[in-house]
Number of protein chains: 2
Amino acid sequence: MSLRTSTFSYALLGLIEQQPLSGYDLRKLFSATPLATMSDSPGAIYPALKRLERKGLISGRIEGAGLRPRRVFRLTPRGLAELKKWLLQPVTRDDLVHRTDELILRFGFTSRVLGKEGALGFLHGLERELGFYIPELKRFLGAQPRMPASGRLAVELGIQSYALLRRWTKRAATAVKQES
Amino acid sequence: MSLRTSTFSYALLGLIEQQPLSGYDLRKLFSATPLATMSDSPGAIYPALKRLERKGLISGRIEGAGLRPRRVFRLTPRGLAELKKWLLQPVTRDDLVHRTDELILRFGFTSRVLGKEGALGFLHGLERELGFYIPELKRFLGAQPRMPASGRLAVELGIQSYALLRRWTKRAATAVKQES
DNA sequence: TATATCATGTAATGCGTTACATGATTTA
DNA sequence: TAAATCATGTAACGCATTACATGATATA
């Protein structure tokens, strides 16, 4: 039994929470929409679903009597708890540096699973970490006297990307507040 | 013998091209600078170096007579050729969606390895792909009549990130042209 | 002399990728 | 009836993560 559930598995969990889905449904979601940059390969999805079921986080039942069988998965209570736990984790520096995509994925589920305050709490935590990290990057860049132009450009892009994300958190918070 | 060299291994290749480096040097680079979001774990670096050496892309020699031995690696001609091949690959849609970080890493090496025109060619190819992709994302967003607010916000962030990257390619090209 | 740093690695594990495999049903 | 799509999976492989292990040298 693995300790850490992968980002990919959390994506499955979050999507299944929204509605019962089969492995094939998930493949289509991942190949058709630009939302998910996840793998749409059966070699990724079916084993992941099996692991989640073994852990008791989802449960599948066969639908479509007699025809081509569709195994449709639903979240179990434990699965919902696990999803909530993931969403409630504080945003860390490490998330910012190594898992930006996972952060956006998390945000995509917060509102529905945690409610408005949950989504706002997440955005606030994200903005807070960005508030620490961006000045550090700027300081780093300033402290480098002779850095190759390409390296400088790469760091500048990083800073601007994080600044964009920070502005986005504010807009997103406004949008969340105005939700019905 | 694996077919595709991983991003991580290319990062090692590109860094070693700039100067001879040991495994420990690479660990420090990856843990200290915000440039590389690569893993600084020995379990990633040392086996990767071994694979690259087995493939004949780098070669290590022990330095520091008698003291703690440092295995310092240099690029072989075949390693340089492999690096160039990687850098010269055209930028694809798939790179944009799944490997943005790898693109920036590639840019970091182009100027030194391929020269000014090489770097400009890369930036041009990147901008071109962005020119195709960004309007598609916008169209996707417009075509979704009823999309959850969080999904809409996520796609908007994606569009803005790509737009930022596109502006950056132009600035980067200007900077590259002005290099001595 | 104890701790931190330098410096190298291995072993177990998990998981994603690629490729392959199967068979039913729908569309051209 | 041929091809595309629906729908599920497995097997081999590679590689990154985590944790462990070792020993020398420099610093407090």
Side-chain angles (χ1 to χ4, degrees), chain A residues 1-13 20-32 36-55 57-58 60-73 94-95 97-99 101-102 105, chain B residues 1-13 20-32 36-55 57-58 60-73 94-95 97-99 101-102 105:
Chain A
M1 189 86 75
S2 76
L3 299 162
R4 181 178 163 74
T5 305
S6 69
T7 303
F8 183 65
S9 292
Y10 279 121
L12 301 182
L13 233 42
L21 291 170
S22 69
Y24 193 74
D25 292 335
L26 288 159
R27 284 192 70 189
K28 276 187 298 179
L29 277 175
F30 289 155
S31 60
T37 54
M38 301 288 153
S39 164
D40 65 340
S41 109
I45 289 174
Y46 291 105
L49 288 170
K50 195 184 277 180
R51 285 194 297 275
L52 289 173
E53 187 164 42
R54 209 180 47 212
K55 284 189 203 169
L57 305 182
I58 61 177
R61 80 164 70 146
I62 288 162
E63 288 187 4
L67 312 171
R68 13 163 194 144
R70 269 168 55 84
R71 269 173 62 76
V72 177
F73 292 92
D94 212 55
D95 290 330
V97 176
H98 294 114
R99 286 181 294 275
D101 288 351
E102 185 176 319
L105 185 71
Chain B
M1 189 86 75
S2 76
L3 300 161
R4 179 177 165 76
T5 305
S6 69
T7 304
F8 183 65
S9 293
Y10 280 122
L12 301 182
L13 235 42
L21 291 169
S22 71
Y24 193 73
D25 292 334
L26 289 159
R27 284 192 69 188
K28 277 187 299 180
L29 276 174
F30 290 154
S31 61
T37 53
M38 301 288 154
S39 165
D40 65 341
S41 109
I45 290 176
Y46 291 107
L49 288 170
K50 195 184 275 180
R51 285 193 299 274
L52 289 172
E53 187 164 41
R54 208 179 48 213
K55 283 189 202 171
L57 305 182
I58 61 176
R61 79 165 70 147
I62 288 160
E63 287 186 4
L67 312 170
R68 0 150 210 154
R70 267 168 56 85
R71 270 173 63 75
V72 178
F73 291 92
D94 211 54
D95 290 329
V97 176
H98 294 114
R99 286 180 295 276
D101 288 351
E102 184 175 320
L105 185 72

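To find a chain, count down the sequence lines: A is the first, B the second, and so on, and within it residues start at 1.
Within the nucleic acid shown, B:Gly23 comes within 4.0 Å of sugar-phosphate atoms alone, with no base atom in reach, counting heavy atoms only. Residue B:Arg27 is classed as a base contact, given a heavy-atom separation below 4.0 Å to a base. Within 4.0 Å of B:Ser41, counting heavy atoms only, lies at least one base atom of the nucleic acid. The residue B:Ser22 sits close only to the backbone: its heavy atoms come under 4.0 Å of sugar-phosphate atoms, none of a base.
Across the protein-nucleic acid pair, A:Phe30 atom CZ and C:dT17 atom P stand 11 Å apart, rounded to whole Å.
One finds no side-chain N or O of A:Ser6 lying less than 4.0 angstrom from the OP1 or OP2 phosphate oxygen of C:dG14. A sub-4.0 Å separation between OP1 or OP2 of D:dG14 and a side-chain N or O of B:Arg51 is absent. Contact annotation: B:Lys50 reaches the phosphate of C:dT10 (side-chain N/O to OP1 or OP2, under 4.0 Å). Taking 4.0 angstrom as the limit, A:Ser9 places none of its side-chain polar atoms (N or O) nearer than this to OP1 or OP2 of C:dC15.
Every side-chain hydrogen bond (donor to acceptor under 3.5 Å, both in side chains) that A:Ser9 has, sequence neighbours left out, goes to A:Ser6. A:Arg27 is linked by a salt bridge (Lys or Arg N to Asp or Glu O under 4.0 Å) to nothing, counting only residues two or more places apart in sequence or in another chain. Under the rule for a ring pair (Phe, Tyr, Trp, His ring centres under 6.0 Å), the partners of B:Tyr10 that lie at least two apart in sequence or sit in another chain are B:Trp86. Scanning for ring pair (Phe, Tyr, Trp, His ring centres under 6.0 Å) contacts around B:Tyr46 gives an empty result, with sequence neighbours left out. Applying the side-chain hydrogen bond (donor to acceptor under 3.5 Å, both in side chains) criterion to B:Thr37, with sequence neighbours excluded, gives no partner residue.
Listed nucleotides D:dT8, C:dA7, D:dA16 differ in distance to B:Tyr24; the shortest reach to its side chain belongs to C:dA7.
The overall bend of the helix from C:dT1-D:dA28 to C:dA28-D:dT1, read as the angle between its terminal helix axes built from five base pairs each, is 30° when rounded to 10 degrees.
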